[in-house]
Amino acid sequence: MGEAITFWVLAVVSVAAAFGLVFSRKAVYSALMLGVVMLSLAVLYAVQEAPFLAAVQIIVYTGAVMMLFLFVLMLVGVDSSDSLVETIRGQRFWAFVAGLGFAVLLALGIGNVVIGAPAGLSGAVSQVGGNVPGLAHLIFTRYVFVFEVTSALLITAALGAMVLAHRERREPKPTQKDLSRARFLGDHPAPLPGPGTYARHNAIDMPALLPDGTVSELSVNRVIARHDVEDGHLPNDPRLAQAIRNVAEAGVRTEQPKVVQAVAEAPEVPVAERDKPAAARVPGDGPVEEEGK
Amino acid sequence: MTTHYLVLSALLFAIGGVGVLVRRNAIVVFMCVELMLNACNLAFVTFARQHGNLEGQIIAFFVMIVAAAEVVVGLAIIVTIFRTRRSASVDDANLLKY
Amino acid sequence: METAAEIVQHSGGVIGLSWLTIALPLLGAAILLLGGRRTDRWGHLLGVAMSLASFVVAVIVFFELLGFGADERRRVVELYDFLPGGTLDVKMGLLLDPLSISFVLLITGVGSLIHIYSIGYMAHDPNRRRFFAYLNLFVAAMLLLVLADNYLGLYVGWEGVGLASYLLIGFWQHKPSAAAAAKKAFIVNRVGDMGLALGIFVIFTTFGTIAYGPVLANASQASQGTLTLIGLALLLGACGKSAQLPLQSWLLDAMEGPTPVSALIHAATMVTAGVYLVVRSGPIYIGAPTAALVVTIVGVATLLAGAIIGTAKDDIKKALAGSTMSQIGYMMLAAGLGPVGYAFAIAHLIAHGFFKASMFLGAGSVMHAMNDEVDMRKFGGLAPKMRITWATFGLGYLAIIGFPLLSGYWTKDGIIEATMEHSPILGWLAVIGAGITGFYMSRLFFMTFHGKPRWEKDAHPHESPAVMTWPLILLSIGSVFGGAFLIMGNRFMEFLAPAVGRPKELPHFAPFSVAGVATLAVVAVGVAYAWLKYGRAEVPAVAPRGSFLTVFARRDLYGDAINEALFMRPGQWLTRLAVFFDNRGVDGLVNGLAALIGGTSGRLRRVQTGFVRSYAMSIFLGAALLVGAWFVVGNL
């Protein structure tokens, strides 16, 4: 009975989370949803007499793999969200048809099979004294060769990831001198105005006021501005609200060159910019921003 | 009870598959693949219990290892592609065609 | 002794070395061709020496052969196993008998004289060495043709002389007409050679061997139909090589070659190979009267056709070529008559070898003097300028028209009389041919040497050098006395009898028989008419349009037109049809298939969109379908 309750709760949760994973427009939400599914599955493993796998699921999947996903998400552009417009004709329709068909067929098939009560693992486990010793016994005796091969696989994967992600530096690293020269040659010798320097708010999404009293659009992060616009968290002051709107839309509409500005803001980015092959340097480049609005 | 687990596994697998087909963000696609792998693992664990045999758990264990390796390499590829194409959309990498 | 004598194996003696007659000229040809320009300075001398050496060996062999009794004069010299091929085991050997030795003497003797003559005639040709190489090659091949003791050896020689003929007709290959003539000769000869090859095949299947000895000895045992088939096939080969109807068309064009070539190959020796073949295969024709009749008909038709062509040609060499055709027609006629005619055929062949070579070389001498002019309408009145040429040519001329007591009189009269006994119709046709011969040869002679000079302005006729005149003199001696020497007292017939058999009753030479008198009369009429028309009257410098008959003759009796209409144009249509079929049918099929596949691929490749998700979709759909199929087919 306890198992049934656990199952039904977790089944509903995991299926809902899976749908969330597929349909949430923001990748970070998707990642979190995946985490929920994995945790649910870990519990289900534990219920099904697989405590070791449950632990591994939590440690390896929810811990390591999910963290890796989030890292890459942050690296690749957390602000980008998928467009809803499907570019391949019929893709979505057929995807749902196939998914539905698959699920229905499998479910029907499984449902039609008469399955007796589970044999349970207590017999198999009791001989060696527990689930973990049982698994260890198998892994290090019958499957020891496979196990060794997986170690080779893991090393290869680590090496491959290093090779793939590695980037040769083809010009000397910009020194502090280079950076300051670039800054003074650019539009903003001084640091950009920081956000939140408004008299009544010091929130990070509040644009700064310049000494002459005008609102500085440069002071607001684009991603934050966009979140504000999406969620309707706009300040009452129409000037500020307009500024935030401008910033949020700027990335979409205007294609302002941000290279110099970026040099001033974050030294890592210009290196990346310069390292890019010329062909890849599209006008108005920067993270993909055309979607969403 | 086994049937229920298996149906849940099938459902998760199908949802993951739909996600792979529908989503364009490469990372999300990857997550959907992981979801499908997990669904399979669930089935393995269920069968292990059904048959009273630890082999199913062993294979689920190996699936996890392989999935971890796959994630590492896959994400490295995504990062590399993103670095050159400034995009994480799987549709943008479509040069290899007719 | 009605049939031929037994063939005796022989070894030792000079006869045992008779292969030298073939080997020496062949060696000469090899040295001259492989030596290249290094041999330019002395190449012609080597060629002459080899030919003369071959002649000397032939003479010694001849006398050694005479040393045997008449029944022992057919001797085979085994050389080596040529083709040890199961049931077809060809042993190469040389058959020395009166027939072959006659040919060998003619070939090497006349050949040597023509070699010598060529030294002078080709003196200014930069490729004289090559010319002599080809001449030597020809002599070797021709000797192999007549000496081989089996049909395959004959065939090898047959093809060898064909090759030499091709090379020599096209010797001045820079002239398109010469190249075309060489090609024509080669191709027309292929038709004949096919007949010869078929004949040999049938001989092999019938007799199981192709050596002369067993084949000819057992000929009477084969069925008449088979023998007729063999006879006709061999006749086709003979027609090709000897320019008999219907394969006569190449000979006139072959005059494009240098004149010594025309004298040696296309007058004296090679073109008589057909006669040799028919005479050598005598027992086959004896067993096949139909084939023999066809041979005589072909002979008569050709002798008339050649004579008619000869009457209209203004080109001195082509007129002589027509005459050659005609004379070989006489030989064929005689050869078709059986043992009665063999001796006359070969005697006429030898006499013809002398006087025709003499006349061809005389024509060469005239051309040499007249800047290589060949149009007789631009000659005339040359007699005082070239006494020796005139005299030797005149003797040859008298010999060929059958002037009493000269060679042609004996041999041709013999043929006509033998024909008369065999078939009066053919006989009278042969008489008419003799009359026409009298006319066209007189026409040729008068137009060239008599009448008023019609020379081109820059012509300075002169007598040729001694190296050219001496062969003329020697040949004219042969043309004067050869006939009498051979025919008087049936000497040649007795000599040949061991080889070809003896007729039941020997012909009696009757100088005042009806046929003989009639022949003399028609010849006299022909000569007189020619004298009136070309000797006494003015010869127009440009040929008059002439009557229908003249045009008919001038166009080689429309032989080329017939060939063109019957073979060339249908062949071209067939080719066009094949090309059309190839373009539209084969290519269309292939190209259509390619276009179909290309078009289909062009559309199919659109499936490859480059979108990973599309591919994933196909995988997923496929998996779903598989599950569905599994569900439907089996029980999950």
Side-chain angles (χ1 to χ4, degrees), chain A residues 3 7 11 14-15 18-19 21-22 27 30-31 34 37-38 41 44-45 48-50 53 56 60 65 68-69 72-73 75-77 82 87 91-92 95-96 99 102-103 106-107 110-111 115 118-121 123-124 134-135 138-139 143 146 150 153-154 157-158 160-161 164-165 280 285 288, chain B residues 1-8 10-12 14-19 21-25 27-28 30-32 34-35 38 41-42 45-46 48-55 57-58 60-62 64-66 68-69 71-73 75-80 82-89 91:
Chain A
E3 189 192 344
F7 173 79
S14 60
V15 169
F19 276 119
L21 157 64
V22 173
S30 294
L34 183 59
V37 175
M38 285 173 172
L41 289 183
L44 287 182
Y45 292 167
Q48 295 207 76
E49 303 175 54
L53 279 186
V56 172
V60 173
V65 174
L68 203 54
F69 268 119
V72 175
L73 266 180
L75 208 61
V76 162
D82 260 358
T87 46
Q91 174 83 5
R92 215 165 263 182
F96 287 123
F102 213 87
L106 276 181
I110 294 163
I115 299 175
L121 286 166
L135 283 177
L138 278 174
I139 288 171
Y143 297 108
V146 184
T150 55
L153 174 73
L154 282 176
L164 282 170
D285 61 3
V288 180
Chain B
M1 207 61 217
T2 305
T3 312
H4 295 112
Y5 283 110
L6 292 179
V7 170
L8 173 64
L11 267 181
L12 290 179
I15 294 168
V18 171
L21 300 181
V22 171
R23 298 305 298 262
R24 272 182 289 176
N25 189 326
I27 302 165
V28 179
F30 236 106
M31 292 182 205
C32 293
E34 291 301 319
L35 179 61
N38 271 297
N41 273 356
L42 178 59
V45 171
T46 308
R49 184 188 182 209
Q50 175 69 26
H51 295 295
N53 195 331
L54 278 175
E55 315 269 331
Q57 295 192 9
I58 297 284
F61 175 66
F62 283 126
M64 281 182 191
I65 296 173
V66 173
V71 164
V72 169
V73 177
L75 288 179
I77 291 172
I78 288 173
V79 168
T80 313
F82 180 79
R83 203 185 282 152
T84 53
R85 305 193 68 85
R86 291 276 119 190
S87 160
S89 167
D91 283 2

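A note on names: the letters A, B, ... follow the listed sequences, proteins ahead of strands, and every chain is numbered from 1.
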Look at the aromatic rings of B:H4 and A:F7 and report parallel, tilted or perpendicular, splitting at 30° and 60°.
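Rings of B:H4 and A:F7: tilted, 30 to 60°.
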
Using atom types as modelled and distance alone, determine if a side-chain donor or acceptor of [X] lies under 3.5 Å from a backbone N or O of [Y].
{"X": "B:R23", "Y": "B:M31", "value": "no"}
{"X": "A:Q48", "Y": "B:T2", "value": "no"}
{"X": "B:T80", "Y": "A:L164", "value": "yes"}

Given heavy-atom pairs under 4.5 angstrom as the criterion, report whether the side chain, backbone, both or neither of [X] touches chain A.
{"X": "B:D91", "result": "side chain"}
{"X": "B:N41", "result": "both"}
{"X": "B:I27", "result": "both"}
{"X": "B:H51", "result": "backbone"}
{"X": "B:I15", "result": "both"}

Is there side-chain contact between B:M64 and A:L53, with heavy atoms separated by less than 4.5 Å?
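Contact flag for B:M64/A:L53 side chains = yes.
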
Would one find more than 12 heavy atoms of other residues, nucleotides or ligands at under 6.0 Å from atom CZ of B:F62?
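For B:F62, atom CZ is crowded (more than 12 foreign heavy atoms under 6.0 Å).
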
Counting heavy-atom pairs under 4.5 Å to chain A, which of [options] comes out on top?
{"options": "B:L54, B:V72, B:V7", "answer": "B:L54"}
{"options": "B:V79, B:L11, B:L35, B:V73", "answer": "B:L35"}
{"options": "B:C32, B:G52, B:G17, B:A68", "answer": "B:G52"}

Can you say whether [X] sits under 4.5 Å from chain B via the side chain, the backbone, both, or neither, judging by heavy atoms?
{"X": "A:L68", "answer": "both"}
{"X": "A:V37", "answer": "side chain"}
{"X": "A:Q91", "answer": "side chain"}
{"X": "A:L34", "answer": "side chain"}

As an exercise: rank A:V65, A:I139, A:V56, A:L138 by heavy-atom pairs under 4.5 Å with chain B and give me the winner.
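Of the candidates given, the most pairs with chain B belong to A:L138.
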
Pair B:E55 + B:R49: basic N to acidic O under 4.0 Å:
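B:R49 and B:E55: not salt-bridged.
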
Atom of A:A157, atom of B:A69 and distance for their closest heavy-atom approach:
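Looking at all heavy atoms of both residues, the shortest contact is CB-CB, 3.7 Å.
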
Of the non-hydrogen atoms in A:G111 and B:T3, which two are nearest, and what is the gap between them?
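For A:G111 versus B:T3, the nearest heavy atoms are CA-CG2, 4.1 Å.
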
